[in-house]
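To keep things clear, I will list the structure first and then write my remarks on it.
Order of appearance sets the numbers: ligands from 1, and atoms from 1 within every ligand.
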Amino acid sequence: MAHPYHHALSSVKKWGGVPEDYIRIHDWFDESKMIIADFRHRALRHHAEGIFMAETIFGSTILLSTARVIPVRWIGEQHVREDLGFIPSFADWVKAIRAEPWMGRAQRLEDRLATE
Ligand SMILES: [Zn+2]
């Protein structure tokens, strides 16, 4: 499993600059390891929507220490491709989630309020 620092080194090789130019973005993709320590953590951000979410957090582009401007989306795509070999949609991840009864449990809120 690639460490965010190694993804940052790969970014440097592609677009120049230093690892610190990219590390915040690669750290963000892998922060979900705080929730689950194995590779399933990737379901949270390693997909097309996650890449676009990174843009809302870091902006459309970043300015490298070399004064070069690089799209954040390129960095996200690089990270996800290096980890998974392609860029899945979130729907690809959902297909791999086994449905459990508790996920669909629902009670009409009106009924619940009436009994309380
Ligand atoms: Zn990752």
**Prompt:** How open is the angle at the Zn ion (ligand 1) from atom OD2 of Asp83 over to atom NE2 of His46, rounded to 10 degrees?
**Reply:** 90°
**Request:** Keeping the roles fixed (side chain from Glu77, backbone from Ile51), state whether a donor-acceptor pair exists under 3.5 Å.
**Result:** no
**Request:** Evaluate side chain to side chain contact (heavy atoms under 4.5 Å, CB included) for Asp30 paired with Arg45, printing each intermediate quantity in order.
**Result:** CA-CA 8 Å; Asp30 289 341; Arg45 296 177 178 169; over 6 Å; no
**Message:** Please determine whether a side-chain nitrogen of the Lys or Arg among Arg24 and Asp27 lies less than 4.0 Å from a carboxylate oxygen of the Asp or Glu.
**Reply:** no
**Prompt:** Can you tell me if Arg68 uses its side chain to pair, donor with acceptor, with the backbone of Gly17 under 3.5 Å?
**Reply:** no
**Message:** Restricting to N, O or S, what is the name of the atom of Asp30 that lies nearest the Zn ion (ligand 1)?
**Reply:** OD1
**Item:** N/O/S atom of His79 inside 2.8 Å of the Zn ion (ligand 1), strictly under
**Value:** yes
